[in-house]
Amino acid sequence: MYANILIQHKIKSLDHTFTYHIPNELTNELEIGMKVRIPFGNSIINGIVLDIFNTYEGNTKDIISIVSKELKLNKELLELGKYIKDKYICTLISAYQTMLPSSLKINNNKESYELQDTYIVLNKDESIINQYINNNKRAKKQIEVLNQLKNTKLLKKDISSSIINVLLDKDLIKYEYVSKYRINKDNIKGDKKELTEEQNKAYKEVDLSSNNVYLLHGITGSGKTEIYMHLCEDVIKKDKTIIVLVPEISLTTQLVNRFYNRFGSDVAIFHSELSEGEKYDEYRKIDKGEVHIVVGTRSAIFTPTKNLGLIIIDEEHTSSYKQENTPRYNAIDIAKWRCNYNNIPLILGSATPTLESMARAEKGVYKYIPLNVRVGKAKLPKMTIINMQDEYRKRNMILSDDLKIAIDKRLQNKEQVMLLLNRRGYSTYITCESCGYTYKCPHCDITLTYHKTSKQLRCHYCGYTAFYSDTCPECHEKTINSFGLGTEKVESLIKELFPSARVVRMDKDTTTRKGSHEKIIKGIENLEYDIIIGTQMISKGLDFPRVTLVGIINADESLNIPDFRSGENTYALLSQVSGRAGRSDLSGEVIIQTFNPDNKTLLNVLKNDYNQNYNYEMNIRKILKYPPFYYLISIKVISRDYNKASLEANKIAELVKKNKNGQTIILGPTTASQFRLNNYYRFQIIIKYKKDELLINYLKKLDEMYISNKDVYLEIDVDPNRL
Ligand code: ADP
Ligand code: ZN
């Protein structure tokens with residue numbers, strides 16, 4: 001028997017399979033999708049078995065061994081890899097690598113991450129044990145252990161090692177290893193809520209035996225999660241499984257807990273903050289069919305669920321469903337593929353669906369399910385816009401008078417406040433007021449952000465750090481000053497203005513350690529904090545009944561991002577974070593600070609008018625030929641050598657122009673928005689197209705052509721999130 005094996009190799013053009021002979025001792029065990037060790041050139045490497053067959057003419061080497069018998073890529077996932085390769089223009093091996101948790105990745109040789117408990121058990125018949133006991137009456141402790149062992153096995157760590165050693169020596173006991181999971185939940189199930197009339201209507205619209213895509217467009221607090229859980233219950237009744245995707249880990253905590261409370265140990269979780277071992281365990285639970293529900297972030301879409309019955313993607317508009325390195329897949333596309341493969345429905349939930357999704361719902365491609373009221377007594381918050389130009393005249397640079405008064409009122413009422421600023425650090429740039437010197441990243445050409453807590457200057461692109469000093473490195477005057485606004489600065493001002501308030505900051509800098517999200521969220525839930533300051537991390541999904549005021553410190557931060565989606569994203573961000581206010585019977589208020597009080601997007605947020613914002617944005621997209629009217633592909637041409645990058649970019653643009661149809665538009669090359677990154681120069685070509693087989697096929701060729709180019713490389717992004 002022979003096998004075709006896919007390997008990982010630096011030169012991607014080797015993305016074809018190699019044939020090996022299966023030695024007799026492996027023929028019964030080897031299956032398609034397994035990881036094996038093989039001789040390759042002068043070395044021994046790993047590969048994935050893609051095919052097994054009987055006859056082959058030609059010389060082959062033998063497969064050495066199977067790396068892991070327990071886990072393998074199943075048929076569905078093997079097929080899915082081919083789709084990813086085709087859709088996102090990448091190699092098959094990089095598709096499979098992305099799909100596997102790192103414990104199972106091709107080059108990892110560790111056979112098992114299994115965690116085991118060591119027990120001691122009797123190794124002889126009871127008559128022999130009794131005889132020993134009779135003959136050794138003075139060994140009280142040994143006798144005690146032996147008597148216990150007659151009824152049950154004992155954990156090794158609970159027994160003194162000297163006793164164990166004696167009994168082992170006499171061959172009376174032996175070790176027994178029992179594997180266990182790192183994450184264990186009780187099997188209690190409960191917390192089921194009766195659906196409201198509106199929820200029930202939405203729930204009934206979902207046909208679980210269909211292959212429909214549903215867009216569940218429900219305002220914040222309308223109870224989407226409860227609907228998801230009711231549907232999960234129905235799927236479980238059919239003994240089928242569900243994948244529930246959530247945008248990011250900060251969000252999973254609350255949602256996962258709701259799922260745990262409802263479905264107990266029937267839930268596995270899967271996200272990047274789990275340890276290798278935890279991921280391995282959860283993956284195995286899923287693979288063995290021990291759980292019905294998987295809740296997780298983007299990569300959970302690749303878990304080997306058996307008998308899949310439903311996929312739910314919560315907050316479907318979130319950019320984190322798209323992976324920003326190769327393969328640049330979008331989990332929503334993957335979900336659609338898996339739903340088609342299994343002939344099951346997909347639910348996309350959001351308070352602010354993407355324009356693409358809404359347009360599909362309008363066309364009837366998706367089934368549209370609206371939810372327009374908040375559950376219970378909760379009402380949408382009252383919103384105001386504050387013109388910061390007026391406040392500046394009053395020397396209120398960060399907080400307006402109205403926001404200060406509103407915060408004060410909440411503190412007196414023992415309610416909670418959330419302040420959003422989508423920019424971490426203390427200030428956004430540092431400059432010398434004498435000579436004009438500005439600190440920039442030596443590798444990326446952008447200004448460094450000042451992080452006061454750690455006294456560091458950091459590049460938010462590449463992670464470069466330098467120490468902060470108040471003396472200018474150019475003119476040596478002590479006239480260094482920092483400008484711009486980050487969450488740290490807001491935090492220090494708030495602490496100054498409201499010294500008795502308990503303040504917590506939640507951004508990338510305060511949540512790097514494992515479990516730190518959960519700790520902050522628990523603290524907020526337990527009312528240990530009065531004021532929560534954070535980046536977009538605090539905007540989504542979280543449900544804190546005592547938050548009654550949301551302040552948006554600088555709405556322009558997000559509006560001013562030079563990207564075709566910035567209006568759409570700002571609307572989503574601001575309505576999401578506004579949705580955190582007034583989620584119980586306490587009424588909520590939102591204050592938006594801006595220098596552009598007439599901005600259309602902000603006015604739409606104020607009116608809470610998704611549809612108007614949708615029409616406004618769609619109009620712009622149509623005129624400018626952006627999605628959903630056209631598809632986009634961006635090609636970045638990257639090199640350490642400026643001239644080479646520029647030259648190749650021009651060459652590629654010309655080549656692409658020759659290999660497209662008449663409707664397709666090619667823009668550029670121009671410099672990419674992060675032009676210099678980590679000492680690499682980056683040019684960008686943007687392609688807008690509707691349907692263009694010629695183009696897509698050419699891009700695949702182009703990608704392969706550049707694989708062997710050592711000086712210049714391409715980054716092709718199909719359906720990019722941003723340009
Ligand atoms: P969304 O995800 O749409 O923003 P949630 O699912 O978080 O909304 O629901 C908002 C709040 O309402 C939660 O605290 C939830 O427990 C509660 N809730 C949802 N549905 C019901 C219901 N049918 N009965 C009582 N409370 C509900
Ligand atoms: Zn940098």
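Side chains are part of it too, since the values below use all heavy atoms of this structure and drop only hydrogens, waters and symmetry mates. Indexing begins at 1, ligand by ligand and atom by atom, following the structure's order.
If you number the atoms of ligand 1 from 1 as listed, the ones under 4.0 Å from a heavy atom of T196 come out as 23 (N). Within ligand 1, counting atoms from 1 as listed, the ones closer than 4.0 Å to a heavy atom of E194 are 22 (C), 23 (N), 24 (N). Every atom of ligand 1 with a heavy atom of E226 under 4.0 Å away is listed here by number and element: 20 (N). Those atoms of ligand 1 with a heavy atom of T220 less than 4.0 angstrom away are 4 (O).
Among Q199, K193, R580, the residue whose heavy atom lies nearest to atom 20 (N) of ligand 1 is Q199. The closest heavy-atom contact to atom 1 (P) of ligand 1, among the options G221, P545, S350, comes from G221.
For R374, the closest heavy-atom approach to ligand 1 does not fall below 4.0 Å. Not a single heavy atom of G218 lies less than 4.0 angstrom from ligand 1.
For the pair R298/E248, no side-chain contact is recorded, criterion being any heavy-atom separation below 4.5 Å from C-beta on.
When only interatomic distances are considered, the shortest N/O to N/O separation between V375 and ligand 1 does not fall below 3.5 Å. Residue contacts with ligand 1: K224 is placed with a nitrogen or oxygen under 3.5 Å of a nitrogen or oxygen of the ligand (distance criterion only).
Contact record, G567 with N613: O-ND2, 4.5 Å, taken as the closest heavy-atom pair. The heavy-atom pair separating Y529 from Q416 by the smallest distance is O-NE2, 3.0 Å.
Every pair tested for salt bridge (Lys or Arg N to Asp or Glu O under 4.0 Å) that includes a residue from residues 594-615 fails, sequence neighbours excluded, so the list is empty. Listed by first and then second residue, the salt bridge (Lys or Arg N to Asp or Glu O under 4.0 Å) pairs involving residues 328-352 are E76-R338, K87-D333, R328-E715 (not counting sequence neighbours).
Taking the six-membered ring for Trp and the full ring otherwise, the centers of Y329 and F302 sit less than 6.0 Å from each other.
Residue T225 touches ligand 1 through backbone and side chain together, judged by heavy-atom distances below 4.0 Å.
A side-chain contact (heavy atoms from CB on, under 4.5 Å) with F498 is found for one member of V417, L411, L493 and no other, namely L411.
Other residues, nucleotides and ligands contribute more than 12 heavy atoms inside 6.0 Å of the NZ atom of K288.
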